[in-house]
Asker: 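Okay, handing you the structure first.
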Amino acid sequence: MRIEGRGLCQSNTSVPFTFDGERLTGREGDTLAAALIANDKRVVGRSFKYHRPRGILTAGSEEPNALVTIGHGPQQDPNVRATVQELYEGLEARSQNAFPSVSFDLMAVNDLMSPFLGAGFYYKTFMWPKNFWEKLYEPIIRRAAGLGALSGLTNEDTYEKAYAFCDVLVIGAGPTGLMAALGAARAGADVIVADEDSRMGGRLLAETGEVDGKPGHAWAADIVAELATMDNVRLMHRTAVTGAYDQGTYGALERVGQHHPHQPGKPLECFWRIVARRAILCAGALERPVAFPNNDRPGIMTAGAVRAYLNRWGVVAGRKVAVFANNDGAHRTALDLMAAGVDVSAVIDSRAEAQALGDYKLFTGAQVIGTKGRKGLESLSIRQSDRTLRIEAECLAVSGGWNPSVHLACHMNGRPEWNAETLSFLPRDGMVPGMTAAGAARGQFSTAACLADGARVAKEVVIELGLTPSDTAMPRAEDRPYRIEELWAVEGRGRKWLDFQNDVHVKDVRLAAQENFRSVEHMKRYTTQGMATDQGKNSNVAALAVLADATGRGIPETGTTTFRPPYTPVSIAAMGAGSQGEGFAPKRVTTSHTASVDRGAPMIEAGLWYRPSYFPKPDERTWQESCNREVTMVRNAVGICDVSTLGKIDIQGPDAAAFLDFVYTNTFSTLKVGRVRYGLMLREDGHVMDDGTTARMGKSHFVMTTTTAAAGLVMRHLAWVSQALRPDLDVVFTSATEQWAQFAVAGPKSRDLLDAVVDGGIDPESWPFMACGEVDVMGVRGRLFRISFSGEHAYEIAVPAGYGAALYRVLLAQAETMGGGAYGMEALNVMRIEKGHITHAEIHGRTTAFDIGFEGMVSKKTDCVGFSASRRPGLLEESREQLVGLHPVDPAGKLTAGAHLFEDRAEPVRTNDHGYVTSVCHSPTLGHDLALGFLTNGRARHGETIKMVDHLRGVTTLARVCDPVFFDKEGARVRG
Amino acid sequence: MRIPCPICGTRDRREFTYQGAAELLRRPAPDAGDAAWDDYLHNRDNPCGEARDLWFHEAGCGAWLVVERDTATHEVMGAELAEKVAS
Amino acid sequence: MGYSGFRVLKEGLFGQTGWKPVWRDPDPKPEYDIVIIGGGGHGLSTAYYLAKEHGLTNIAVLEKGYIGGGNVGRNTTIVRANYFLPGNSEFYSHSLKLWEGLEQDLNYNVMHSQRGLINLFHSDGQRDAFARRGNAMVNQGDDAILLDRDGVREHLPYLDFDNLRFPIYGGLYHPRGGTARHDAVAWGYARGADQRGVDLIQNCEVTGIDIHNGKVTGVQTTRGAIRAKKVGIVVAGRSGQVAEMAGMRLPIESHVLQAFVTEGLKPIIDHVVSFGMGHFYISQSDKGGLVFGGDLDFYSSYASRGNLPMAEHVMDAAMTLMPVIGKAKVLRSWGGIMDMTPDGSPIIDKTGTEGLFIDCGWCYGGFKAVPGSGFSFAHLMATGRHHEPAARFRLDRFRTGRGLMDEEGTGSQHNLH
Amino acid sequence: MANLVALSPCEGLLPQTIGAVTIAEIDPGPVTAILPFKGQDKAVGEALKSALGLGFPAPGRSQSKGGARAIWVGKGEALLMGAACPDLAGAACVDQSDAWCVVEIVGDRAEDVLARLVPLDLRASQFKRGHTARTLLGRMTASATRSGAKAFEIMVFRSMAETLVEELTRAAGAVAARG
């Protein structure tokens with residue numbers, strides 16, 4: 001119901017929206033909750049377990065009941081708090097977790113079953129028959145559970161993440177936060193004020209009290225206006241600080257584009273990481289309900305929420321309102337309502353000594369013991385001493401006192417402290433280093449106390465930051481004491497809700513205690529209290545008090561639960577902004593990328609890089625056909641392959657050779673200038689880390705090549721060795737991977753091809769196998785390496801990357817005139833398997849130099865990284881799985897990677913397992929499949945027939961064990 | 001978490017790669033024996049409280065650091081270059 | 001007291017007044033045959049199997065906080081047997097078999113749900129590695145199915161198949177993989193052990209281990225000295241500190257692993273899905289929350305809370321793999337302390353002290369191991385002999401290099417996982 | 001035979017103006033990584049000074065003289081840009097002219113755009129003209145230098161030029177969409 005003349009926004013702009021398909025109108029400045037109240041919508045949701053009708057409980061992000069779904073299609077957003085969602089034209093809201101509708105929900109049958117569905121009942125049943133859990137019980141439970149539904153469609157909205165830095169982060173812009181911000185800002189600190197509301201002012205917007213002689217909201221607006229003019233202040237509206245992390249880092253969620261119709265391209269939300277030297281927690285306090293029979297009816301709200309709806313939005317959730325409280329503050333609700341002309345039927349105060357603040361009917365020492373009205377409150381029963389009365393009310397404003405919002409202060413495992421005076425948990429100093437709580441967040445509940453506390457803490461903080469505090473006059477405001485007496489749960493029969501969403505009653509907590517779930521953590525986990533979307537904001541303290549009572553302990557001995565980030569729920573899309581689709585990792589492309597794509601090559605991921613898989617010709621139908629052709633082409637003519645993705649590290653210095661001797665298992669100090677050597681690198685644990693070739697470009701100048709996959713790892717490793725293990729060595733290095741575009745030119749015609757491209761041609765005498773040096777390539781200074789991964793006479797030619805695209809096209813054009821062309825990763829892989837060259841399929845992290853047959857490269861050393869650990873007996877035993885080649889006994893036999901190896905007649909089970917296959921190809925050169933694999937004691941078993949079994953693909957093949965080098969064992973071609 | 005890089009100043013944890021206890025700086029001689037190497041590679045004090053461990057400023061200056069830190073509170077007391085500690 | 005649907009109905013009619021404590025709260029006796037340090041999942045299951053399989057009941061489980069307060073109550077609840085290296089393979093296989101009869105065995109519904117687990121792969125090389133793994137699983141007698149891209153699409157149509165940075169090549173499907181209700185596992189074992197006479201002693205922190213002449217004689221606790229003939233250390237997350245009381249230095253570093261849960265949602269994810277490329281795994285709880293996690297925070301810590309960069313990284317992975325869940329809202333994040341061993345595999349072994357045993361180093365895979373670990377550790381403590389499926393979980397494998405179990409292939413050195 | 005023609009890393013991708021920022025590629029001229037050997041920092045700095053009038057930059061700083069610039073890029077390493085590298089006996093000098101993708105982002109909202117990508121306080125009060133940092137931009141390692149009151153120079157490795165442009169334009173688009 002709308003109360004004319006009330007509310008901060010007096011604009012007459014009406015805002016049309018729909019709720020469950022019904023067209024309604026609200027007013028500019030409304031939240032969805034305010035608009036629903038204005039339209040007399042009482043049932044807006046259903047509870048989780050019993051599907052009880054639920055209305056709106058609060059006016060903030062702590063709302064447990066009024067969760068709705070906004071929008072449709074990919075924009076569909078479930079579990080949105082109607083109390084936070086701002087109204088806009090065309091807003092489409094739907095109730096959720098109800099079938100067929102929120103006002104008539106078939107699942108409400110659960111409510112009738114509730115005597116049987118007490119805390120933890122499911123642990124005690126659904127066990128028979130054995131297989132019925134997955135098949136019957138669980139699917140039913142799953143369908144019934146859950147709140148809103150995701151659309152099932154891929155997200156199409158924009159989200160973003162950002163960083164911000166400041167001296168002082170003020171969390172919350174109520175009276176405390178505004179004074180704190182003002183104090184810090186006037187002293188010259190860089191200040192960020194983050195407030196979750198659309199409008200700053202906090203409770204000043206919801207109360208009628210004056211500050212400095214003007215309405216509180218007007219004073220707040222003036223301060224906000226002043227702050228907005230200051231260069232050193234950043235005001236962040238609609239921004240909830242969600243987490244406190246180490247060294248002054250805070251997470252915060254800003255609602256950027258959810259308060260107006262969809263604007264394509266504009267982010268819906270921004271997840272901020274704010275780094276602050278100091279933070280002032282001015283998050284205020286949350287009012288807590290009282291547990292009394294049927295206290296969950298629509299129309300029963302916290303008293304502060306009733307005042308907020310009246311004073312800020314000009315709406316009331318009923319024509320007759322009653323108030324039930326254990327503290328003075330709630331009485332203001334009656335005064336505000338009466339001033340607005342709303343009928344206040346009674347104020348029920350549990351305290352015997354309570355005094356009326358105005359002309360309303362006050363029942364002291366009284367309690368609400370029951371309510372009526374299934375789909376909306378109609379009346380309540382109260383008990384005062386030994387009489388029981390019925391009171392008419394459509395809305396009941398309840399206050400069990402206030403809980404300071406200590407949540408962020410607890411994010412680093414600190415526990416708050418029980419304060420017997422305010423009956424609440426207060427933050428302790430230093431729970432989060434650099435954060436200080438002020439105002440209601442530390443139990444200061446009058447406006448004057450909050451203002452003063454904000455100013456005081458700001459002063460402390462600016463002094464610590466080395467700034468001079470400015471004198472700020474203290475505004476005048478109400479300073480009523482906070483008088484409260486304990487009231488957690490009303491005595492008597494009936495279900496008394498503690499956790500509204502999860503339907504946890506007082507009785508459930510008592511049952512937990514009865515079954516010896518006496519620890520607060522046990523109680524929480526057993527009853528699910530505090531595990532709903534409000535994370536116990538509305539129920540934790542009362543549930544703790546009930547548990548304390550049930551176990552005969554005090555509240556402080558009973559403990560607290562832990563608050564964890566986030567303070568308010570954060571969408572995955574916001575925290576993962578920018579990662580959808582290809583944004584998850586950078587893309588690295590070579591200079592030949594466009595040319596490869598132009599030739600129709602499917603590009604595959606190789607780490608972050610993209611590399612061509614194969615280059616299909618128009619008549620080729622499968623990748624295998626293309627691959628076979630490319631292999632044959634390289635073996636018979638010449639092929640070009642971009643190898644720029646391999647890591648290249650430029651290493652220089654007087655001790656460069658000694659450095660390489662230490663990082664490689666083999667020796668590089670003996671390598672001649674102008675020559676290349678293969679090197680094997682171990683981790684310190686004695687297993688193979690990486691391999692590659694290193695070229696000696698000068699006496700103290702080397703260029704190391706790493707595999708594509710390990711380039712970053714090797715760079716880190718070299719830094720480790722030079723800085724931490726061998727700081728005595730005078731050596732420097734830097735990555736040169738990106739400087740060079742490098743292409744393999746492989747095949748019997750490779751020299752002829754390069755002869756045509758390299759200025760001055762290729763003199764065979766100067767370029768024997770494993771030679772390297774500088775050359776000019778069509779006027780550009782480049783490098784040439786006579787190395788081969790294919791087993792053919794081959795080179796790698798490098799030019800500065802800017803020229804890469806041009807050189808690649810030149811090389812291809814030249815190759816094509818010679819019966820050659822481009823080859824991709826598939827062909828490269830076939831040729832390396834034919835030659836028994838290993839990749840990370842073989843050096844997969846668990847293999848040693850011994851396993852791959854390179855033990856001779858280690859044993860001669862006196863020391864190198866990994867040397868000592870590689871001498872462990874377990875890494876040198878003949879029974880280890882050793883690298884072997886495999887070819888099918890029947891040339892048509894199929895080999896598969898990932899298959900396991902067994903003796904011919906052995907059953908293929910674990911206990912008979914002799915090894916596995918790592919790499920497989922079909923060799924067009926040899927006309928059958930080839931494989932590399934690891935076989936127990938494999939080097940001694942060449943010639944043996946073994947059984948390869950691939951259960952997953954249904955393949956069993958007899959294979960012969962052989963040397964891993966299948967083709968040109970003598971290496972005649974590579975030297976030719 | 002933020003780490004005070006002696007070269008770059010205090011930076012976000014996401015710029016760093018972690019590598020474990022600083023005892024890795026005390027590499028045994030190659031002939032120190034299997035017990036010494038086992039200890040070096042595997043066994044750890046793993047303190048709950050003050051610890052010295054290794055971080056690499058990988059997305060920053062490329063320095064290896066020894067960081068003094070509290071593993072219970074995540075307080076960071078300081079950092080120095082591993083190179084200085086090692087030499 | 002036995003649990004059944006009938007009993008639930010009866011108590012419902014009589015106001016739930018008949019339920020008895022699920023476990024007693026005994027004071028510690030001065031002496032036990034066996035003291036188990038640690039009332040988490042592994043400690044409780046050890047006590048249960050000592051009583052059930054070996055008839056030993058003069059046992060105390062000492063827990064410094066509350067039963068099940070460690071990692072068994074703060075994980076992503078995944079149960080699977082999809083390891084491939086000898087040692088791990090047979091152990092997890094045995095553990096899964098125990099899971100499959102656990103409700104009936106314990107008379108407690110731990111909601112073990114074999115909804116199937118799918119590990120996605122994103123390159124030919126990963127496919128080969130997963131084929132090796134899947135074949136090892138079948139060799140062991142477990143189930144594994146290699147799915148191609150279309151096969152994955154059939155099971156998980158909501159993944160982003162079109163724009164993903166690392167396209168889906170296929171998946172390894174483990175139909176018997178699934179989840180369980182984590183707290184219920186601790187409570188079920190605790191109840192079973194208690195019913196067999198084991199004393200579960202909460203709020204009792206061990207402060208010292210008494211050793212005389214190389215033999216363990218008891219423990220010192222905050223509730224007094226307790227003599228014991230045998231002592232088992234089962235304290236994931238504190239293994240280093242407790243072992244130090246016995247003068248041991250362990251091959252363990254403690255790290256934080258985060259997990260996350262969203263608000264409740266109607267069913268959308270029916271399986272357990274694991275995205276290796278992004279270190280991300282997810283399932284949906286019976287309450288409707290999406291439960292998911294990622295990689296370690298990557299620095300040693302006992303703070304049991306996570307950092308923001310890793311939390312973001314996990315969300316990043318979620319958004320690239322399944323942007324369909326973008327509007328799910330994370331409700332809570334938490335962190336557990338993992339005992340990380342150099343090779344990523346656990347330790348169940350005797351120690352250099354007679355009568356002192358240790359079960360630790362479960363890294364981030366301890367939940368699914370709860371039944372198997374307890375069973376094997378109980379066997380070792382009761383008989384003095386290693387239980388066959390756990391026979392390779394030796395402490396000395398790092399020194400000798402024999403039987404290292406580096407499933408990830410990242411090294412048998414700390415911090416490479 | 002014709003000479004090879006060079007392409008720039010962002011060929012065809014830039015310039016772009018989005019809202020209040022303009023992103024353009026910069027040709028850095030010759031780029032040389034200079035890494036002094038042990039104990040040679042001073043000598044290398046002096047040699048640079050006498051040859052080009054600028055020294056070896058301190059960590060986090062860049063220097064410029066005429067068309068030449070020296071930008072610190074890591075522990076013991078600086079990039080000399082826009083001038084041929086003089087003979088420096090005490091240092092490794094590695095040609096990196098083609099290794100980097102260099103862009104400038106200019107405009108009123110340049111700081112806001114970078115605040116979406118860089119985990120570093122780039123506000124003018126903290127990160128002044130001539131300040132440089134090695135840091136992250138999105139998920140790429142990058143070098144960021146303030147080149148003016150409203151201008152930054154960003155470098156990432158060449159192969160990631162496309163991702164750099166995507167990241168910057170996406171961030172700029174989101175900033176612009178806020179109005």
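Below, chains carry the letters A, B, ... as their sequence lines are ordered, and counting in each starts from 1.
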Asker: For C:D286 and A:E138, work out which heavy atoms get closest and say how close.
Answerer: OD1-OE2, 2.8 Å
Asker: Quick check: closest heavy atoms across C:L265 and A:P78, and the distance to 0.1 Å?
Answerer: CD2-CG, 3.7 Å
Asker: What part of A:L253 is in contact with chain C, defined as an atom under 4.5 angstrom from a non-hydrogen atom: side chain, backbone, both or neither?
Answerer: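 Neither part; nothing is under 4.5 Å.
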Asker: Which answer fits A:L952, side chain, backbone, both or neither, if we ask what part of it has an atom under 4.5 Å from a heavy atom of chain C?
Answerer: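 Its backbone and side chain both get close to chain C.
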Asker: Non-hydrogen atoms of chain A under 4.5 Å away: do they reach the side chain of C:A317, the backbone, both or neither?
Answerer: both
Asker: Salt bridge or not for A:D77 and C:K329, using N-O below 4.0 Å?
Answerer: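 Salt bridge: yes.
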Asker: For residues C:W19 and A:F121, establish whether the separation of their ring centroids is below 6.0 Å.
Answerer: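 No.
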Asker: Which bit of A:A841 comes within less than 4.5 Å of chain C, counting heavy atoms only: side chain, backbone, both or neither?
Answerer: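 Neither; nothing under 4.5 Å.
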Asker: Identify the two heavy atoms, one from A:N155 and one from C:M319, that lie closest to each other, and give their separation to 0.1 Å.
Answerer: ND2-CE, 3.9 Å
Asker: Can you name the closest pair of heavy atoms from C:D25 and A:R518 and give their distance?
Answerer: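 Minimum heavy-atom separation between C:D25 and A:R518: OD2-CD, 4.1 Å.
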Asker: For A:T125, is there any backbone N or O sitting under 3.5 Å from a side-chain donor or acceptor partner on C:R7?
Answerer: no
Asker: Report yes or no: do A:N79 and C:K327 form a side-chain donor-acceptor pair below 3.5 Å?
Answerer: no
Asker: Does any heavy atom of chain A fall under 4.5 Å from the side chain of C:D270, the backbone, both, or neither of them?
Answerer: both
Asker: Does any heavy atom of chain C fall under 4.5 Å from the side chain of A:E907, the backbone, both, or neither of them?
Answerer: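 For A:E907, neither part sits under 4.5 Å from chain C.
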Asker: Select one option (side chain, backbone, both, neither) describing which atoms of A:F902 are under 4.5 Å from chain C's heavy atoms.
Answerer: side chain
Asker: So for C:Y169, is it side chain, backbone, both, or neither that comes closer than 4.5 Å to the heavy atoms of chain A?
Answerer: side chain
Asker: Kindly say whether A:W128 contributes a backbone atom to a donor-acceptor pair with the side chain of C:E103 at under 3.5 angstrom?
Answerer: no
Asker: So, taking the atom named CD in A:E582 and the one named CG in C:D160, what distance separates them when rounded to the nearest 0.5 Å?
Answerer: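 Here the interatomic distance stands at 9.5 Å.
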Asker: Is there side-chain contact between A:F271 and C:L308, with at least one heavy-atom pair below 4.5 Å?
Answerer: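 With C-beta onward as the side chain, the pair touches.
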Asker: Check whether C:N135 reaches the backbone of A:H900 with its side chain - one donor and one acceptor, N or O, closer than 3.5 Å.
Answerer: no
Asker: Could you measure the distance from the OG1 atom of A:T896 to the CZ atom of C:R132? Nearest 0.5 Å is fine.
Answerer: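 Nearest 0.5 Å value for the OG1-CZ distance: 13.5 Å.
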Asker: Looking at CG of C:D343 and CZ of A:R846, how far apart are the two atoms once the value is rounded to the nearest 0.5 Å?
Answerer: 11.0 Å
Asker: Quick one, A:L150 and C:I325 - any side-chain contact, counting heavy atoms below 4.5 Å?
Answerer: yes
Asker: Quick one: does A:F116's side chain get under 4.5 Å of C:E11's, heavy atoms only?
Answerer: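 A:F116 does not reach C:E11 side chain to side chain.
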Asker: Between A:E515 and C:K20, is there a salt bridge with N-O shorter than 4.0 Å?
Answerer: no
Asker: Does one side chain, of C:R332 or A:Q535, offer a donor that lies under 3.5 Å from an acceptor on the other?
Answerer: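 A:Q535 and C:R332 do have a side-chain donor-acceptor pair below 3.5 Å.
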Asker: For A:A532, which atoms come within 4.5 Å of any heavy atom of chain C: side chain, backbone, both, or neither?
Answerer: backbone
Asker: Side chain from CB out, backbone as N, CA, C, O: work out which of these in C:N203 comes under 4.5 Å of a heavy atom of chain A, or both, or neither.
Answerer: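 Answer is neither: C:N203 stays 4.5 Å or more from chain A.
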Asker: Using a 4.5 Å cut-off on heavy atoms from C-beta on, say whether the side chain of A:N516 contacts that of C:V22.
Answerer: no
Asker: Relative to chain C, which segment of A:N829 carries a heavy atom at a distance below 4.5 Å: side chain, backbone, both, or neither?
Answerer: neither
Asker: Please state whether the side chain, the backbone, both or neither of A:S519 comes within less than 4.5 Å of a heavy atom of chain C.
Answerer: side chain
Asker: Please determine if C:D316 and A:K161 form a salt bridge, counting it only when a charged side-chain N lies under 4.0 Å from a carboxylate O.
Answerer: yes
Asker: What distance separates C:Y66 OH from A:E521 CD, expressed to the nearest 0.5 Å?
Answerer: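 Going from the OH atom of C:Y66 to the CD atom of A:E521 covers 3.5 Å.
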Asker: Find out whether the Lys NZ or Arg CZ of A:K124 is both under 6.0 angstrom from the six-membered ring centre of C:Y108 and within 45° of the ring's axis.
Answerer: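 The answer is no, since A:K124 fails at least one limit relative to C:Y108.
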Asker: Under 4.5 Å from any heavy atom of chain C, what part of A:T918 do you find: side chain, backbone, both or neither?
Answerer: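 Answer is backbone: N, CA, C or O of A:T918 sit under 4.5 Å from chain C.
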Asker: Could you check whether C:R165 makes a cation-pi contact with A:F584, meaning its NZ or CZ is under 6.0 Å from the centre of the six-membered ring and within 45° of the ring axis?
Answerer: no
Asker: Kindly say whether A:M127 contributes a backbone atom to a donor-acceptor pair with the side chain of C:Q104 at under 3.5 angstrom?
Answerer: yes
Asker: Would you say the side chain of C:R402 lies within less than 4.5 Å of the side chain of A:L875, judging by non-hydrogen atoms?
Answerer: no
Asker: So A:R910 and C:S89, do their side chains get closer than 4.5 Å, heavy atoms only?
Answerer: yes
Asker: Between A:E826 and chain C, which part of the residue has a heavy atom less than 4.5 Å away: side chain, backbone, both or neither?
Answerer: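 Contact with chain C involves the side chain of A:E826 alone.
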Asker: Measure distances from C:Q202 to the heavy atoms of chain A and classify the residue's part below 4.5 Å as side chain, backbone, both or neither.
Answerer: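 For C:Q202, the contact with chain A is made by the side chain alone.
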Asker: So which part of A:A144 gets closer than 4.5 Å to some heavy atom of chain C, the side chain, the backbone, both or neither?
Answerer: backbone
Asker: Distance only, no hydrogens: is a donor on one side chain within 3.5 Å (strictly under) of an acceptor on the other, for C:N307 and A:D246?
Answerer: no
Asker: Report which part of A:E877 has an atom under 4.5 Å of a heavy atom belonging to chain C: side chain, backbone, both, or neither.
Answerer: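 The answer is the side chain of A:E877.
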Asker: Using a distance-only test with no angle check, is there a side-chain donor-acceptor pair under 3.5 angstrom linking C:R305 and A:Y245?
Answerer: no
Asker: Below 4.5 Å, heavy atoms only, C-beta onward: do A:W133 and C:H112 meet side chain to side chain?
Answerer: no
Asker: With a 4.5 angstrom heavy-atom cut-off, could you sort out which part of C:S304 is near chain A: side chain, backbone, both or neither?
Answerer: both
Asker: At what distance, to the nearest 0.5 angstrom, does CG of C:N109 lie from OH of A:Y122?
Answerer: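 Rounded to the nearest 0.5 Å, the CG-OH separation comes out at 10.5 Å.
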Asker: Which region of C:L172, side chain (C-beta onward) or backbone (N, CA, C, O), has a non-hydrogen atom less than 4.5 Å from a non-hydrogen atom of chain A, or is it both or neither?
Answerer: side chain
Asker: Measure the shortest side-chain to side-chain distance between A:F517 and C:W187 over non-hydrogen atoms and say whether it is less than 4.5 angstrom.
Answerer: yes
Asker: Work out which heavy atom in C:A131 is nearest to a heavy atom in A:R953; give both atom names and the distance.
Answerer: CB-NH1, 3.5 Å
Asker: Quick check: closest heavy atoms across A:L147 and C:K266, and the distance to 0.1 Å?
Answerer: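 Result for this residue pair: O-CE, 3.4 Å.
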Asker: Under a 4.5 Å heavy-atom cut-off, does chain C meet the side chain of A:A869, its backbone, both or neither?
Answerer: neither
Asker: Please state whether the side chain, the backbone, both or neither of C:I269 comes within less than 4.5 Å of a heavy atom of chain A.
Answerer: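 Looking at C:I269, just its backbone touches chain A.
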Asker: Supply the atom-to-atom distance C:H313 NE2 to A:M575 CE, rounded to the nearest 0.5 angstrom.
Answerer: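 Those atoms lie 13.0 Å apart.
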Asker: Measure A:M113 against the heavy atoms of chain C and call it side chain, backbone, both or neither at under 4.5 Å.
Answerer: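 No part of it gets close to chain C.
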